[in-house]
Amino acid sequence: METPLLVGLELRCPPHLFNTHSRPSSSLSIPALSLRILTPTAATTSSAVIELPANVAEAPRSKRHSNSYLARKSAISEVQRSSDFLSSLQRLATVLKVQDLNVILRDFGISGRWQDLIQLFEWMQQHGKISVSTYSSCIKFVGAKNVSKALEIYQSIPDESTKINVYICNSILSCLVKNGKLDSCIKLFDQMKRDGLKPDVVTYNTLLAGCIKVKNGYPKAIELIGELPHNGIQMDSVMYGTVLAICASNGRSEEAENFIQQMKVEGHSPNIYHYSSLLNSYSWKGDYKKADELMTEMKSIGLVPNKVMMTTLLKVYIKGGLFDRSRELLSELESAGYAENEMPYCMLMDGLSKAGKLEEARSIFDDMKGKGVRSDGYANSIMISALCRSKRFKEAKELSRDSETTYEKCDLVMLNTMLCAYCRAGEMQSVMRMMKKMDEQAVSPDYNTFHILIKYFIKEKLHLLAYQTTLDMHSKGHRLEEELCSSLIYHLGKIRAQAEAFSVYNMLRYSKRTICKELHEKILHILIQGNLLKDAYIVVKDNAKMISQPTLKKFGRAFMISGNINLVNDVLKVLHGSGHKIDQVQFEIAISRYISQPDKKELLLQLLQWMPGQGYVVDSSTRNLILKNSHMFGRLLIAEILSKHHVASRPMIKSRPEQKFRSK
DNA sequence: ATAGGGTTAG
């Protein structure tokens with residue numbers, strides 16, 4: 001990190017830039033539940049139904065009921081309005097029933113009074129005024145903001161049968177799904193089943209919803225659907241909606257067609273959502289023929305295409321490369337009032353640009369700007385990408401500048417797009433500004449951000465900064481890209497940052513099952529150059545079969561000369577074991593090192609004893625050297641060992657012709 | 001008396 005530019009960069013680039021922006025965790029803890037809390041579910045809920053005059057038609061309300069009802073009503077709103085609701089709560093504790101407190105709890109949840117909600121929940125726990133609904137609502141609202149807190153609440157439920165109540169289970173499972181934690185959701189679900197949960201149609205639908213936008217969601221969904229008969233559950237219209245969305249987001253149009261067929265057979269008529277998903281499944285391949293047929297069928301049963309349906313159709317046409325029809329459809333959307341925001345324009349611009357029609361994309365863009373269509377900056381972002389794709393970096397950079405001043409808010413994708421434009425245009429100052437912006441807006445960099453930056457830093461010869469960024473990328477759990485790492489390793493080697501190069505190699509190795517075999521060779525040269533022979537030995541040991549003979553020879557000699565003497569025999573065995581023919585020079589160096597270090601004489605004896613069995617013998621000069629020093633080892637022993645070298649060499653020549661080659 | 005879903009943009 002010595003170059004002035006790097007120092008400058010570091011000053012401008014805050015060290016915490018890539019720190020995860022963790023939210024401060026709530027310091028609230030759940031007090032231990034008092035023993036008298038959980039009145040049996042049935043009693044709580046049924047008494048609520050009886051006492052509330054919900055069914056007006058059944059009997060004329062008595063005055064007493066009415067009064068108590070009114071008193072509770074006013075108590076509820078008093079607590080809701082109170083600036084110090086806990087003290088109102090204390091005062092009205094005798095009037096308010098569990099279900100009233102649940103009403104207040106949900107009200108807090110809806111109006112976003114999170115602290116109050118948690119305080120109320122704790123109060124209810126402490127006063128034993130708690131029911132199944134309390135848990136399910138509380139978990140739902142708390143989970144929307146803080147999953148781990150919701151899990152904590154779920155785990156704190158003392159009663160085993162309450163823990164497997166289907167409403168509560170559905171609530172917590174939904175929290176996990178909504179927070180993108182499908183894996184832990186499925187794990188918890190399996191545990192719940194083992195504990196006795198009887199999942200229902202809502203449970204399965206909740207889990208299925210989690211499969212929509214994850215990879216491998218489709219097979220997971222099929223697995224879940226397979227469990228339905230075992231639990232006596234019939235798919236309903238909602239579930240078909242979810243399943244169709246899964247098919248659509250995985251490009252499974254045939255499967256989507258089958259599900260539509262199946263639901264019709266079971267007597268459900270598809271609605272606009274079901275058709276939308278089916279239509280969306282056609283967008284993958286741009287199957288506009290099927291899409292047109294679908295539109296016809298849908299209209300024939302009296303469903304009117306809405307904005308989403310028409311926008312999805314536009315997507316199909318664009319994917320299918322029907323740009324003239326796409327433009328026509330966009331006009332239809334405009335006249336229907338469905339193009340009041342930038343989205344359909346964005347889709348068309350993007351499709352045109354990806355089809356190499358930058359000028360046509362540009363004209364849609366200008367057209368849209370001319371019409372004063374509402375934009376949040378997506379259109380600019382797409383245009384910037386389009387310009388970069390056509391290598392028009394100057395324009396891309398100018399439009400990025402323009403976007404920065406026009407749009408206050410930008411999301412990660414927009415930031416990445418602008419960052420990329422600045423990097424490609426070589427605008428260092430702007431790159432740093434974007435990084436600062438990300439940090440200030442607490443937007444965590446993603447895989448693309450890291451990739452763009454590392455590539456840029458390498459281009460600008462800021463190799464150590466590229467290295468730091470790679471470390472950061474790896475520690476954030478992003479998969480490293482081999483080509484980029486390989487380039488970085490090469491450059492780090494060139495600037496003699498061998499240890500850093502090795503660290504990149506290791507990160508790549510441990511995040512990927514197989515890496516290109518040239519990379520082992522490349523890192524080996526770098527490590528040898530840096531005299532990091534122990535590391536080089538590890539590389540050889542693990543990958544000897546993928547390394548060329550000349551490189552193994554280079555390593556062997558380097559190790560014999562200055563590697564750790566205690567590992568010399570191990571290295572020779574590994575080299576030989578990989579099929580490498582150890583040359584005489586390596587033995588010579590190893591043996592002279594041993595002789596100069598008499599305390600290693602055991603190692604020398606081991607080596608000399610090992611050699612003949614593998615078809616190696618010492619050459620005459622080495623032999624003389626050993627004999628000259630044989631007093632250190634015991635003359636007789638040496639003589640005996642060396643005699644084997646002599647004897648063994650003859651049959652070896654006969655049986656293994658390559659011996660000639662070896663002793664050269 | 002609480003829990004679930006589905007369509008569109010970079």
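Since this is a predicted model, take the numbers as computed values, not measurements. The analysis underlying the following values was restricted to heavy atoms, covering all of them including side chains, and did not include hydrogens, waters or symmetry mates.
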Self-check item: Shortest non-hydrogen contact from Cys211(A) toward Lys220(A)
Solution: SG-CG, 3.8 Å
Exercise. Go through dG6(B), dA3(B), dA9(B) for me and flag the one nearest to the Met343(A) side chain.
Key: dA9(B)
Quiz item: Looking only at side chains, do Tyr240(A) and Glu266(A) share a donor and an acceptor under 3.5 Å apart?
Solution: yes
Self-check item: Polar side-chain contact Asp236(A)-dG4(B) base: donor and acceptor under 3.5 Å
Solution: yes
Quiz item: Do you see a donor-acceptor pair shorter than 3.5 Å between the side chains of Tyr317(A) and Glu328(A)?
Solution: no
Quiz item: Taking NZ from Lys178(A) and P from dG6(B), how many angstroms apart are they, rounded to a whole number?
Solution: 9 Å
Quiz prompt | Nearest atoms (heavy-atom pairs only) where Ile272(A) meets Leu303(A) | solution = N-CD1, 4.0 Å
Self-check item: Sorted by number, the residues of residues 312-324 of chain A with heavy-atom contact under 4.0 Å to DNA chain B
Solution: Thr312(A), Lys315(A)
Quiz item: Is the base of dG10(B) touched by the side chain of Asp411(A) through a donor-acceptor pair closer than 3.5 angstrom?
Solution: yes
Quiz item: Distance check: side-chain N/O of Ser133(A) vs OP1/OP2 of dA1(B), anything under 4.0 Å?
Solution: yes
Self-check item: Residues Asn170(A) and Thr206(A): side-chain donor-acceptor under 3.5 angstrom
Solution: no
Quiz item: Considering only heavy atoms and no angle criterion, is a donor-acceptor pair shorter than 3.5 Å present between the side chain of Asn271(A) and the base of dG6(B)?
Solution: yes
Exercise. Quick one: label Ile382(A) by what it contacts on the DNA or RNA (base, sugar-phosphate, nothing), any heavy atom closer than 4.0 Å.
Key: sugar-phosphate
Quiz prompt | Pair Glu334(A), Tyr345(A): side-chain N/O donor-acceptor within cut-off below 3.5 Å | solution = yes
Practice problem: Just call it for Thr242(A): base, sugar-phosphate, or nothing, with non-hydrogen atoms closer than 4.0 Å on any strand. | Solution: sugar-phosphate
Self-check item: Among dT7(B), dA3(B), dA9(B), the one nearest Tyr273(A) by side-chain distance
Solution: dT7(B)
Exercise. Verify the contact: side-chain N or O of Asn280(A) to OP1 or OP2 of dT8(B), cut-off strictly under 4.0 Å; return yes or no.
Key: yes
Quiz prompt | Phosphate OP1/OP2 of dG4(B): any Ser174(A) side-chain N/O under 4.0 Å | solution = yes
Self-check item: Side chains of Asn102(A) and Lys129(A), donor plus acceptor under 3.5 Å
Solution: no
Practice problem: Between Arg389(A) and Asn102(A), name the one whose nearest nucleotide on DNA chain B is closer to the 5' end. | Solution: Asn102(A)
